[in-house]
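Each remark here refers to the structure printed beneath this line.
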There are 2 protein chains.
Amino acid sequence: MVVTLKDVARASGVHTSTVSRAFSASHLVNPETRIRVLAVANELGYRPNRAARALSTRRTGNLGVIVADIANPFFPPLIKAAQDQARARDHHVFIADTDERIDVEEEAVRSMVGQVDGLILVSPRLSDRRIRELADEVPLVVVNRRLRRLPCVLMDVGEGIRLVVGRLADLGHREIATVLGPPASWTGRAAVRAAEETAREHGVRTYRVGPHQPTEEGGAAAFDAVLDLGVTAVLAHNDLMALGLLRAARERGVAVPERLSVVGTDDTLTARHTRPALTTVAMPVEAAGRAAVDLLLRGADPEVVTLGTRPVERDSTGPAPRG
Amino acid sequence: MVVTLKDVARASGVHTSTVSRAFSASHLVNPETRIRVLAVANELGYRPNRAARALSTRRTGNLGVIVADIANPFFPPLIKAAQDQARARDHHVFIADTDERIDVEEEAVRSMVGQVDGLILVSPRLSDRRIRELADEVPLVVVNRRLRRLPCVLMDVGEGIRLVVGRLADLGHREIATVLGPPASWTGRAAVRAAEETAREHGVRTYRVGPHQPTEEGGAAAFDAVLDLGVTAVLAHNDLMALGLLRAARERGVAVPERLSVVGTDDTLTARHTRPALTTVAMPVEAAGRAAVDLLLRGADPEVVTLGTRPVERDSTGPAPRG
DNA sequence: AGGATGATTGCAAACGTTTGCATCAAACTC
DNA sequence: GAGTTTGATGCAAACGTTTGCAATCATCCT
């Protein structure tokens, strides 16, 4: 039924080890033999059994990427970039979606350990301790979370956020709210920290709302609280939440940006198509995906790659309304 | 370093086979022994080696899902639904993105054969023949493509399209364009067929534009041709392309829906947030994901599951402009 | 010429599980 | 109480590769 090395060996009159070498160590076998063996293998329709190979070599040729939510438009470009890079390095990528749930994340990780040569955890929700434990079992790199002595790829949201907040201050805003996403989000905390710091420097007051789910619904749910604060501008944890805020604003008849300026984070494709188009902070997602794969496959010493971010000003922000 | 069955066996004074059975055939081992063994295994931090298990049993506990483009918002909900269903059936899901490229699809399929117990091909671009060949190597189910004697999950776009076209006819439209996506798209062809059929019944003329890439850019690229035809309504292959049409219309100063009605397909999340909000045909993506997993794991006779679709009328469609 | 070198191949032992079969004791059957 | 079933475990052969080692043979060097 299924063709194995042994079949190919028998059919071409050599030992299985020679066939094996013809495939994976071609310099160790006579060119003529190699060609003959490959021809026979091809004719028989031989396909190497990856499980067996993995058992023997302890390498699978697969990488795992674990993300919180593929439906969140932030992740797909990162995944695709990682995939391209991995393909270029002769590896394949398995993706798992954790549904923003820590138990599912744990399970996904567990299922991948042992069938991949390395793991990329994107914005993981697991505890630092758990991640370090995992790092002992399998090579891994963490994206958007800082862990000492582990390879990390970080997007410096602070950079973009500082510029955005400065810009809002220039536009006359004196009170800004930040809408929080998952408490375990490293970037989220970094963004809030940068926002509050910059605001203080500019004599702008800040308030926090949330945490809420990092979804459109989560953003909508935060709207009333934002309104009650009486702020003139709001920074959302991501574009999805900003979308929810925009929708809620429209439903409540609050004009954006005339009465309230709304800023997202991520610059996902949809940001351009909201009504009004969303001002947001663009993240270097493709670069992050590629960097993560490189870090993983290079297998070098723990290293931190930091990538910059920049604000994209569109129509959801404007001058503060006159008091 | 890494703990194997043998280690657990030695530490708990039984044979490896007993340890193995304690895990995967617990009714064959004395309850007391089992508990002791499991305790020891747990303490030692034993994790079964999946490659070894796969080699021995020829089953991996993994399913593969292959999609054209995870960045296309049509796919993630399907993937997530499949993932949930698989998890409920004690399986894991590996995802691969083919980037809409047939060679990458071939490669992705190849890499998965042998490391999954079954494959779900969503809107595959491979030839019928190739898919049938694959079906001999690995159990598979095809989503949104009809192949005799293979298990398929189909979304009956025709149903929704017929209703939409009827509605456009009622609104006074007499000339409609369809913008084509990838020629290999089964749903695309079904949709166009349904549209043209229904149009004919209503005495409405139809034109075809394309094919173009099923992306926002593709949609924008089609706009001029649509405009030249002088039609009053256009059906896009998917929401992304409709988005592109909307953007191009705005840039060219063509009012939607006053001068041109635009209809998408898929009802992705973004459809709600375009300006104007997009009229589209909602697809039963979650149901399809679940059905595909069920078909695969049930392993029953080839079976075809057909799921209905329905139009969602929003603001991008309206009465035809008076001639 | 005689030994050293290098290229090519075969041999066989891993890799970590699962599983059919054999074994053995204890518990039944009549 | 001899024979039979039942339950629990061990034994060893798979599963399909890879790879260190040894064997063979031709070639090269001096």
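Just so it is clear, the values below take in all heavy atoms, side chains as well, and ignore hydrogens, waters and symmetry mates. A note on names: the letters A, B, ... follow the listed sequences, proteins ahead of strands, and every chain is numbered from 1.
- Among residue pairs with one or both ends in residues 140-151 of chain A, those qualifying as salt bridge (charged side-chain N to carboxylate O under 4.0 Å, His left out) are A/Asp128-A/Arg145; sequence neighbours excluded.
- With salt bridges taken as basic N to acidic carboxylate O contacts below 4.0 Å, none links B/Arg101 and B/Glu105.
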Distances under 3.5 Å only, N/O to N/O: pair up the protein atoms with those of nucleotides 22-24 of chain C.
none

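- Residues in residues 73-82 of chain A take part in these salt bridge (charged side-chain N to carboxylate O under 4.0 Å, His left out) pairs, two or more places apart or across chains: A/Lys80-B/Asp69, A/Lys80-B/Asp97, A/Lys80-B/Asp99.
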Distances for protein N/O vs nucleotides 6-10 of chain D N/O pairs under 3.5 angstrom?
from   : atom 1 : to      : atom 2 : distance (Å)
D/dT9  : OP1    : B/Thr33 : OG1    : 2.6
D/dT9  : OP2    : B/Asn30 : N      : 2.8
D/dT9  : OP2    : B/Thr33 : OG1    : 3.4
D/dG10 : OP1    : B/His15 : N      : 3.4
D/dG10 : OP2    : B/His15 : N      : 2.7
D/dG10 : OP2    : B/Thr18 : OG1    : 2.5
D/dG10 : N7     : B/Arg21 : NH2    : 3.0
D/dG10 : O6     : B/Arg21 : NH2    : 3.2

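- A/Phe23 comes within contact range of no nucleotide atom at all, as no heavy-atom separation falls under 4.0 Å.
- Taking atom CZ of A/Arg59 as the reference point, atom P of C/dG16 lies 16 Å away to the nearest angstrom.
- Residues forming a side chain to side chain donor-acceptor pair (under 3.5 Å) with A/Gln213 (at least two apart in sequence, or on another chain): none.
- Only A/Arg47, A/Pro48, A/Asn49, A/Ala52, A/Arg53, listed by number, bring a heavy atom of residues 47-54 of chain A to less than 4.0 angstrom from any atom of DNA chain D.
- Listed by first then second residue, pairs satisfying salt bridge (charged side-chain N to carboxylate O under 4.0 Å, His left out) with a partner in residues 30-49 of chain A number zero, not counting sequence neighbours.
- Residue A/Arg58 places none of its side-chain N or O atoms closer than 4.0 Å to OP1 or OP2 of D/dT18.
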Output side-chain donor-acceptor pairs under 3.5 Å for residues 285-292 of chain A, partner residues at least two apart or in another chain, one line each.
none

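- Remark: B/Asp156 pairs with no residue by the salt bridge (Lys or Arg N to Asp or Glu O under 4.0 Å) rule, at least two apart or across chains.
- Salt bridge absent: B/Arg110 and B/Glu107 never bring a charged side-chain N and a carboxylate O closer than 4.0 Å.
- When the ring pair (Phe, Tyr, Trp, His ring centres under 6.0 Å) test is applied to A/Phe75, no partner is found at least two apart in sequence or on another chain.
- Among the nucleotides C/dT17, D/dT18, D/dG16, the one closest to the side chain of A/Ser20 is D/dT18.
- Relative to the axis of its first five pairs, the axis of the last five pairs of the helix from C/dA1-D/dT30 to C/dC30-D/dG1 sits at 30°, rounded to 10 degrees.
- Within the structure, salt bridge (charged side-chain N to carboxylate O under 4.0 Å, His left out) contacts touching residues 112-123 of chain B (residues at least two apart or in different chains) are B/Arg59-B/Asp117.
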